[in-house]
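Structure first, then comments.
Quick note: numbers below take in every heavy atom, side chains included, and nothing from hydrogens, waters or symmetry partners. Each chain gets a letter, A, B and so on, in the order its sequence line appears, and its residues count up from 1.
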Amino acid sequence: MVSAFTRIVASHHALVHINVDGVDCVAPAGEPLATSLLAAGYVMLRHSPNRHNPRGAFCLMGVCQECAIHVDGQIVQACMTPVRAGMVVQLRGAV
Amino acid sequence: MVSPHCHFDVLVLGGGPAGMVSAITASQNGLRVGLIDEQSEAGGQIWRAPWASSPQGYESPEARDGNKMRDRLALSSVTCLFGRRIWSVTDRYRVDLLGADGVETFQAPHLIVALGAHERVIPFPGWTLPGVMGLAAATIMLKAHGLAPPKDWVLAGVGPLLAAVAAGYARKGHPPKAIIDLSGPSDWFAALPSLASRPGLFKQGVGWVLSIVSSRIPIYFRHAIRRAEGQDRISACLIGPVDADGKSIDGPEVGIACDAMMVGNGLVPGGEVPRLLGADQVYRHELGGWIPECDPFGRTSLEHLYAIGDGAGIRGGAVACIAGKLAGLAAAHDAGRIDAGAFAHQSAQALAEHRKLSAFSDAMAHMIRLRPAQVASIEADAVICRCEDVTRQDLVAAARAGARDVNQLKHFTRCGMGPCQGRMCGDVAAEILAQEHRLDRQAVGYWTARPPLRPISLQSMLGRVDYADIPIPKPAPL
Amino acid sequence: MSTMHDLIVIGGGINGATTALFAARGGMDVAVIDRGPLCREASGVNAGTLTMQMTRVALIPYALRAHHMWATAREWLGHDVGVVVCDGLSLAFTEQEAELLAFRAGKRREAGAPITLITGQQALQIEPGLSDKALLAGHCRVDGYANAYLTGLAFRTALLDAGVTLTENNPATDILQTSSGFEVVTKQGPLRAKRVVIAGGVWIEEMMGWLGIDLPIKTLVNQLAVTERIPTAMRTVVGIANGLLSLKQYPHGTVVIGGGWQGSGSREGGTCSLLPERLVGNIRLACHAVPALKDARLARAWTGFEAETRDALPAVGPVPGIHNAYVIGSIHSGYTSGPYLAKLLADQILGREPDLPLFPIDRLLKPEPLAQG
Ligand SMILES: Cc1cc2nc3c(=O)[nH]c(=O)nc-3n(C[C@H](O)[C@H](O)[C@H](O)COP(=O)(O)OP(=O)(O)OC[C@H]3O[C@@H](n4cnc5c(N)ncnc54)[C@H](O)[C@@H]3O)c2cc1C
Ligand code: FES
């Protein structure tokens, strides 16, 4: 895996397990999923529906929709979705 | 449909500085206030609540101001309706929300809209690659989540945010590999006198410069990103010189290997709600784009609709607070809770402060203004609309096929039709269209605002229904 | 002195634009005036459904011919407007709806629409995306949809190629009758022509008023919604018996959800707004019919104005008592049938015998002006 984003503040939040495309990962409960994925090295999240170009989280504030991926079978914006224990994340967009 | 237990005199949309202050002010003056935000805590972008560390442990002045205001909010009688996505705002002011429990509706005779701004990024080929992110995203990672980009990262764009992000990460031991600044030292010097009016910020700015200098980060002034490269992620970028207007000029290009890039070119007011309601709009280049026409109290052309904060013109956090105070007072006055004398008295000081701050906010807004020449330099193959992968050359072709306003451009190309609803591409697409026809921005217009204000899942709108419960209107004639 | 055109069409929606196109191809010197850009009102924002199962019975013969025109749009218009021809299904979920469906499908079949009644199970075989709750379905092979937002682009090119003088963003404000024909007063100055066609969508009432004719037009405010692009969830046009649902998925993946749920607004102000609870109602119906839609996100919803005459039948023909003045509009499911009716009107204007009768407006006028006219 290419170099990941690095945590520079010790979090006081409990770590929980989530599943990302079949891989078990740990993430702080309540953190926006997009942030956890960056820290876990998942920078590419999906492909654009028209020309199928790789995309990752861009704005982290709910605007760009680049982080819209499947969580527990539903499309959600990863940057607006807090991590919950047992979340099943699929790195694919609406299409 | 309207939630039966809540009777509000005013609803405030957006829990950033402008929204928080207006809510507190209105409630102090006797109004029943509901404050709505999608985040689970108030603060907005600038005062975003530090999440990773414990709140007390965080040191930045913004975090302190934010915590102070959050405390005041907690002590006020404002009803906080957080964790809810606003998806529809209609007449006399009905607001439809989507929260954890599904759809909810609130209504109030006064509406204060303080939904802030979103970032402008001037596209270049490759800006859609994973690992390329907005400057605002960088501040969120830094302030709220304690996350740094990988070692080889570059920082590009324009304005004070560039310095704040560079310094912030430098202090944490994660400086960018290079800073690519669209402006030159002379632009920064030009902004200095206005900074002097804000000693606190001046000190903060000096601190940023010192951090940047002491970490020996190479700075490329008057440069911009020409393109980013990579397969499934950015692996390198190419930068080149620009002139004082932001136009690409001949000169040596430099390649930089990197696996992340944070880039931003200022802010665009998010004026969708006033637009959706039909308030009069005006294009103000120096305030970031299209904004509702407002009086000094934030009153729009529609009765009892107020627009404040960056969504009503980019002026920054300090002005947003004052605008919040003024709108809160105006709402109290317009609702008959305070008389004209008290209103004039209480608002006089805020109006004076507002004037005092404007030199600084104007200078900052000027630094992060849209540079039309930079837009003119965007390469033909650069994607403008990320959602629909519409490139500059697609837009130019549509303009030549006769599209003269932005909504026609949208119909011809699907630019702006994707789930971001044109927020990421709107400003640049309109600028390209205007340049193509040599029209001003007023003439090419703005996207028609449409609900939902953010995409929402169909599932979440359904609730528990039986087919027989769906109210079905009378059939069409045969 | 401005040129004397053979024909001025006021209003560049599907009706005005098609009338202008065929008149110009028939040899006339034609000008089209629109207040905004071409086809950006009803004709650019509609749901694009080209269906017989929502068309009024009296219009079926026209709609069938119009459907053929749409299917071959590339040939006469030069652009395919994203037309897809596919099967259409109109569903009934309750006994009552089944009764309504059987009755309505029967009437439409008598008028020539090839609709057959099939069971819910059979419908499921045609459209695997359907819910298994349908009791009965009307099935029609002549169905499909266009991509309405491309209409303006298509007609703009076609009209210019046909030599039509196009003035967009130029509202007309009055029509004066002169010795040689008409003078249309517009923001950009007067335009003159021997003949005039009023094709202003919901605004034809106001325009007829300029000629001293009182033609009451009701304004419907139709709501529509669209999802973001999703994987293939359906391949047919799906509706329900009472006509209050229309659903189809475009090749690029978005699903348009309509059915004529009404928003609020007025044509005078030109503003309309969506009623959120009606949007929710429409979406509930949509997800009931095609359950996979639940997983989609709503990207956008909007409204548009549709015109309706007193008897809900079209206003297409000469203006009584005013030589060389014509009107076209208020065609139910008018995006489907509009092009064919407009072609018939162009024939009449060109002095040819239309293949099918028009819908003259005499029936809609008060008797007094008729007697005088
Ligand atoms: C939301 C919605 C969904 C629909 N869905 C379908 C469907 O799925 N299938 C179907 O068959 N039909 C559908 N319809 C109906 C169909 O869209 C209309 O019947 C048809 O487009 C009407 O065409 P028109 O040319 O009469 O009107 P319009 O397209 O409204 O054109 C009228 C034109 O007149 C112009 N104008 C107005 N005033 C002036 C003035 N003063 N000066 C100059 N120009 C002026 C306007 O700018 C406009 O361009 C739908 C309608 C709506 C609103
Ligand atoms: S990263 Fe932009 S919406 Fe989530």
Side-chain angles (χ1 to χ4, degrees), chain B residues 1 87-91 94-97 102-103 105 276-278 387-388 398 401-405 407-414 416-422 443 447-452 454-463 465-478, chain C residues 36-40 44 54 56-57 93-94 100 103-104 107-108 133 149-153 156-157 160 168-169 226-229 241-244 252 254 260-262 264 269 271 273-281 283-288 293-302 312 332:
Chain B
M1 291 288 287
W87 65 271
S88 165
V89 181
T90 43
D91 263 7
R94 169 182 164 151
V95 179
D96 287 80
L97 307 173
V103 290
T105 301
L276 194 57
L277 291 165
C387 295
E388 290 287 330
R404 285 181 82 82
D405 74 70
N407 293 300
Q408 221 176 348
L409 187 71
K410 175 170 164 181
H411 279 194
F412 284 22
T413 62
R414 289 189 63 81
M417 274 199 198
C420 95
Q421 300 164 318
W447 304 135
T448 308
R450 305 286 194 197
R454 291 283 157 82
I456 50 176
S457 83
L458 267 49
Q459 171 85 60
S460 65
M461 299 173 80
L462 295 180
V465 276
D466 202 49
Y467 184 69
D469 299 338
I470 305 175
I472 295 179
K474 173 167 126 298
L478 182 59
Chain C
L38 275 190
C39 298
R40 276 275 302 287
M54 297 217 285
R56 300 217 46 202
V57 170
F93 293 106
T94 63
L100 184 71
F103 177 72
R104 294 191 153 210
K107 289 286 178 200
R108 289 184 170 117
K133 298 198 186 78
Y149 60 72
L150 292 173
T151 320
L153 175 59
R156 204 166 188 286
T157 318
L160 291 174
E168 292 172 286
N169 304 306
V226 65
T227 70
E228 72 180 309
R229 297 177 186 236
N242 56 19
L244 287 156
H252 55 254
T254 64
W261 290 63
Q262 296 291 294
S264 71
T271 56
S273 88
L274 244 103
L275 297 178
E277 65 271 24
R278 302 244 169 103
L279 180 60
V280 171
I283 281 169
R284 283 174 174 162
L285 266 190
C287 294
H288 187 78
L293 296 183
K294 284 181 195 164
D295 297 335
R297 293 191 306 168
L298 185 68
R300 198 163 56 256
W302 67 97
H332 195 265

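Atom CG of C:Leu274 sits about 8.5 Å away from atom CZ of B:Arg450, to the nearest 0.5 Å. Atom CZ in C:Arg297 sits 11.0 Å away from atom CG in B:Leu458 (nearest 0.5 Å). Atoms CG and OG1, from C:Leu150 and B:Thr413 in turn, are 10.0 Å apart once rounded to the nearest 0.5 Å. Here the CH2 atom belonging to B:Trp447 is positioned 10.0 Å from the CZ atom belonging to C:Arg300, to the nearest 0.5 angstrom. Atom CG of B:Leu276 sits about 8.0 Å away from atom OG of C:Ser273, to the nearest 0.5 Å. C:Glu277 contributes atom CD, which lies 9.0 Å from atom OG of B:Ser88 (distance to the nearest 0.5 angstrom).
Heavy-atom pairs under 4.5 Å with chain B were tallied for C:Ala286, C:Ala312, C:Ala296, C:Ser264; the largest tally goes to C:Ala296. Residue with the most contacts toward chain C among B:Lys410, B:Met417, B:Arg404: B:Met417 (heavy-atom pairs, distance under 4.5 Å). Put simply, of B:Ala468, B:Gly418, B:Ala401, the one with the most heavy-atom pairs under 4.5 Å next to chain C is B:Ala401. When C:Asn242, C:Val226, C:Leu275, C:Leu298 are compared by the number of non-hydrogen pairs under 4.5 Å with chain B, C:Leu298 comes out ahead. Looking only at heavy-atom pairs under 4.5 Å with chain B, the residue among C:Leu293, C:Val57, C:Leu244 that has the most is C:Leu244. In terms of heavy-atom pairs under 4.5 angstrom with chain B, the leader among C:Leu153, C:Leu160, C:Leu100 is C:Leu153.
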C:His252/B:Glu388 under side-chain contact (heavy atoms from CB on, under 4.5 Å): CA gap, chis, key distance, verdict: CA-CA 10 Å; C:His252 55 254; B:Glu388 290 287 330; 5.9 Å; no
Run C:Arg40 and B:Asp405 through side-chain contact (heavy atoms from CB on, under 4.5 Å) and show every step you take. CA-CA 11 Å; C:Arg40 276 275 302 287; B:Asp405 74 70; 3.3 Å; yes
Evaluate the criterion side-chain contact (heavy atoms from CB on, under 4.5 Å) for residue pair C:Leu285 and B:Tyr467; output intermediate values, then yes/no. CA-CA 8 Å; C:Leu285 266 190; B:Tyr467 184 69; 3.5 Å; yes
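The main-chain N or O of C:Ala299 is found under 3.5 Å from a side-chain atom of B:Gln421 such that the two form a donor-acceptor pair.
Using a 4.5 Å heavy-atom cutoff, the side chains of C:Pro37 and B:His411 are not in contact. By the 4.5 Å heavy-atom criterion applied to side chains, C:Ile283 and B:Leu462 are counted as neighbours.
Taking each heavy atom of B:Pro477 and C:Arg104 in turn, the nearest pair found is C-NH2, 4.0 Å. Residues C:Gly152 and B:Phe412 share a closest heavy-atom pair of C-CE1, 4.4 Å.
Looking at C:Thr151, neither its backbone nor its side chain comes within 4.5 Å of chain B, counting heavy atoms on both sides. C:Arg56 touches chain B through backbone and side chain together, each having a heavy atom under 4.5 Å away. If you measure heavy-atom distances from C:Glu168 to chain B, the contacts under 4.5 Å come from the side chain alone. Both the backbone and the side chain of B:Gln408 come within contact range of chain C, each with at least one heavy atom under 4.5 Å from a heavy atom of that chain. Interface remark: B:Ile470 contributes side-chain atoms only to the contact with chain C (heavy atom separation under 4.5 Å). Residue B:Asp91 does not touch chain C at all, counting heavy-atom pairs closer than 4.5 Å.
Not a single ring-ring contact (aromatic ring centres under 6.0 Å, His included) links C:Phe103 to another residue, sequence neighbours left out. With sequence neighbours left out, the salt bridge (Lys or Arg N to Asp or Glu O under 4.0 Å) criterion links C:Arg108 to no other residue.
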